[in-house]
Amino acid sequence: MVDLVTQYNKIKTEVDQAVLNVIAQAAFINGPEVKSFQAELEAYLGVKHVIPCANGTDALQVAMMALGLKPGDEVIVPTFTYVATAEVIALLQLTPVLVDVHPETFMIDPAAVEASITSKTKAIVPVHLFGQCANMDELLAIANKHKLHIVEDTAQAIGADYKFADGSKKKAGTIGTIGATSFFPSKNLGCFGDGGAIFTNDDALAAKMRMIVNHGQSKQYYHDSIGINSRLDSIQAAVLRIKLRYLDSYNTARQRAAAIYDEAFSKHAALSIPARAKNSTHVFHQYTLKLTNGDRNGLKAHMDAKGIPCMIYYPVALHMQSAYASDRYGKGAFPVTEDLCEQVFSLPMHSELTTEQQEIIINSVLEYINK
């Protein structure tokens with residue numbers, strides 16, 4: 001699904017030297033590379049505070065901890081997402097309230113959010129799925145009306161731009177109360193291990209999150225709050241500093257590859273190409289199609305037999321997972337998501353895709369569709 005070896009080889013000299021510099025300095029934890037990456041990502045995103053951490057799941061957890069939510073408080077999340085989005089809510093003894101998604105963009109449906117708000121609701125977690133932003137104009141209006149926090153899950157949309165109704169723009173993850181992202185290797189901005197970060201323009205929240213990721217310390221051995229140990233190590237920061245310089249070009253390459261896929265698949269009635277949200281750019285962390293009249297699992301088996309990657313994100317919705325089963329909702333509760341779980345499939349999408357590779361992928365899909 002991704003080609004990290006080719007990507008690395010193109011920047012090998014820069015990355016190798018950056019890693020060797022960290023080793024030579026032996027500043028492995030919270031060293032200069034971490035501080036430099038933090039400052040450079042703040043400048044790129046146009047946000048006041050970036051707090052690096054160990055991974056994207058920790059980023060979401062730290063965000064929830066910083067908001068001071070209490071056990072039993074409700075947090076609204078889409079049921080069509082990776083489990084980490086709801087996992088951290090449950091771990092903190094908060095209540096994840098699942099809602100359906102928009103049938104075209106696959107992202108959280110603002111109308112469903114509004115309908116699910118109760119006196120216990122404290123936050124909304126829009127997931128910027130597959131590379132573009134959820135409808136933040138509507139979500140911000142809902143959050144302001146009900147005095148709710150918004151925590152943006154930006155793990156799949158780093159670098160995407162959101163355009164507000166008034167024409168102004170912000171980067172994904174910098175719009176709500178807090179943004180959280182992952183630097184897992186396959187992400188558009190990925191390191192060579194695990195990594196994550198939290199974003200905010202709120203000075204007090206930033207100070208609190210910096211303490212939380214470092215055992216709740218304001219200074220060494222003085223613990224002002226309950227915290228965790230979640231740090232981005234210096235070697236990963238050094239790699240991310242290099243790759244951040246290429247992020248826009250990586251995203252542009254993904255957009256070019258998506259356009260080639262679009263041209264090939266847009267004329268086939270059984271296939272629905274990814275919809276573009278009118279108020280967001282799309283950086284294509286995934287290129288995800290719907291097969292609306294056919295056997296999606298048969299298509300995947302066909303691709304697997306040819307040795308061509310083809311993934312299903314996500315085959316089982318959160319409300320159908322044993323860990324998140326609830327009397328509130330069972331099968332049939334979220335029809336859009338349940339249809340997507342039966343229809344969607346994702347093709348290889350990364351910055352190193354060649355036209356020759358795409359031709360093979362496209363021909364293999366069409367071979368199955370047209371048989």
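We use all heavy atoms of the structure for the numbers below, so side chains are in, but hydrogens, waters and symmetry mates are not. As the structure is a prediction and not an experimental result, all values here were calculated from the model.
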Starting from Leu347, walk the hydrophobic network (Ile, Leu, Val, Met, Phe, Trp, Tyr; side-chain heavy atoms closer than 4.5 Å) and list everyone else you reach, by chain and number.
Ile260, Tyr261, Phe265, Leu271, Ile273, Phe284, Tyr287, Leu289, Leu291, Leu299, Met303, Ile308, Phe345, Met349, Leu353, Ile360, Ile361, Ile362, Val365, Leu366, Tyr368, Ile369
Closest heavy-atom contact between Leu318 and Ala86?
CD1-CB, 3.8 Å
For the hydrophobic clusters of this structure (ILVMFWY residues joined by side-chain heavy atoms under 4.5 Å, transitively), does one cluster hold both Val19 and Val34?
no
Main-chain N/O of Asp233 paired with Gln236 side-chain donor or acceptor, under 3.5 Å
no
side-chain hydrogen bond (donor to acceptor under 3.5 Å, both in side chains) filter on Gln93, not counting sequence neighbours, yields none
Pairs satisfying salt bridge (Lys or Arg N to Asp or Glu O under 4.0 Å), at least one member in residues 266-287, at least two apart:
Asp262-Arg276, Glu263-Lys267
Distance-only polar pair, side chains of Glu74 and Thr118, donor-acceptor under 3.5 Å:
yes
Tell me if a side-chain donor or acceptor on Ser234 pairs with a main-chain N or O of Ala27 at a distance below 3.5 Å.
yes
Would Asp166 and Ser168 count as having a side-chain donor-acceptor pair, cut-off 3.5 Å?
yes
Hydrophobic cluster membership, Phe37 vs Val22, 4.5 Å side-chain cutoff
no
So, does Glu152 use its side chain to make a donor-acceptor pair with the main chain of Pro126 at under 3.5 Å?
no
Does a side-chain N-to-carboxylate-O contact under 4.0 Å join Lys171 and Asp161?
yes
Indicate, with yes or no, if Ile178 and Val50 share a hydrophobic cluster defined by side-chain heavy-atom contacts under 4.5 Å among Ile, Leu, Val, Met, Phe, Trp and Tyr.
no
Taking only residues two or more places apart in sequence, or in another chain, which ones meet Phe106 in a ring pair (Phe, Tyr, Trp, His ring centres under 6.0 Å)?
none
Can you name the residues that form a side-chain hydrogen bond (donor to acceptor under 3.5 Å, both in side chains) with Thr79, not counting sequence neighbours?
His319
What pairs meet the ring pair (Phe, Tyr, Trp, His ring centres under 6.0 Å) rule with one or both residues in residues 123-154, with sequence neighbours excluded?
none
Going by atom types alone, do Ser351 and Gln7 pair a side-chain donor with an acceptor below 3.5 Å?
yes
May I ask you to test the His49-Leu205 pair for a side-chain heavy-atom distance under 4.5 Å?
no
Give every residue pair that meets the side chain to side chain donor-acceptor pair (under 3.5 Å) criterion with at least one member in residues 17-31, sequence neighbours excluded.
Gln17-Asn21
Does Thr181 use its side chain to pair, donor to acceptor, with the backbone of Ala197 at less than 3.5 Å?
no
If you count heavy atoms of other groups shown closer than 6.0 angstrom to CD1 of Ile29, is the number above 12?
yes
Might you point out which heavy atoms bring Gly46 and Asn201 nearest each other, and give the distance in Å?
O-OD1, 4.5 Å
Quick one: hydrophobic cluster around Met320, which other residues, with the 4.5 Å side-chain cut-off, linked directly or via members?
Val316
Side-chain touch Tyr313/Met1, heavy atoms, less than 4.5 angstrom:
yes
Asn55 side-chain N/O to Gly196 backbone N/O, donor-acceptor pair under 3.5 Å:
no
Is any side-chain heavy atom of Lys10 less than 4.5 Å from a side-chain heavy atom of Glu352?
yes
Return the minimal non-hydrogen interatomic distance between Met311 and Lys300, and the atom names on each side.
CA-CE, 4.5 Å
Between Leu41 and Met209, is there shared hydrophobic-cluster membership here, with clusters defined by ILVMFWY side-chain heavy atoms closer than 4.5 Å?
no
Any chain of hydrophobic side-chain contacts (each under 4.5 Å) joining Val125 to Val62?
yes
Side-chain heavy atoms of Leu340 within contact of Lys290, under 4.5 Å
yes
Heavy-atom neighbours of Tyr82 OH exceed 12 at 6.0 Å
no
Is there side-chain contact between Arg231 and Asn214, with at least one heavy-atom pair below 4.5 Å?
yes
Could you tell me whether the side chain of Leu67 reaches within less than 4.5 Å of the side chain of Val151, counting heavy atoms only?
yes
Within a radius of less than 6.0 Å around CD of Glu359, do more than 12 heavy atoms belonging to other residues, nucleotides or ligands occur?
no
Can you find a heavy atom in the side chain of Leu247 that is under 4.5 Å from one in the side chain of Ile158?
yes
Looking only at side chains, do Tyr246 and Glu14 share a donor and an acceptor under 3.5 Å apart?
yes
Supply the members, apart from Phe164, of the Ile/Leu/Val/Met/Phe/Trp/Tyr cluster built from side-chain contacts under 4.5 Å; use none for a lone residue.
Ile76, Val97, Val99, Ile108, Val113, Ile117, Ile124, Met136, Leu139, Leu140, Ile142, Leu148, Ile150, Tyr162, Ile175
Can you list every ring pair (Phe, Tyr, Trp, His ring centres under 6.0 Å) pair that touches residues 194-234, not counting sequence neighbours?
none
Would you indicate whether the side-chain heavy atoms of Pro335 and Asp100 approach each other to under 4.5 Å?
yes
Fellow cluster residues of Leu4, listed by chain then number, with links counted only when side-chain atoms sit under 4.5 Å apart:
Val2
Ser182: side-chain contact (heavy atoms from CB on, under 4.5 Å) partners, not counting sequence neighbours:
Ala155, Phe184, Lys187
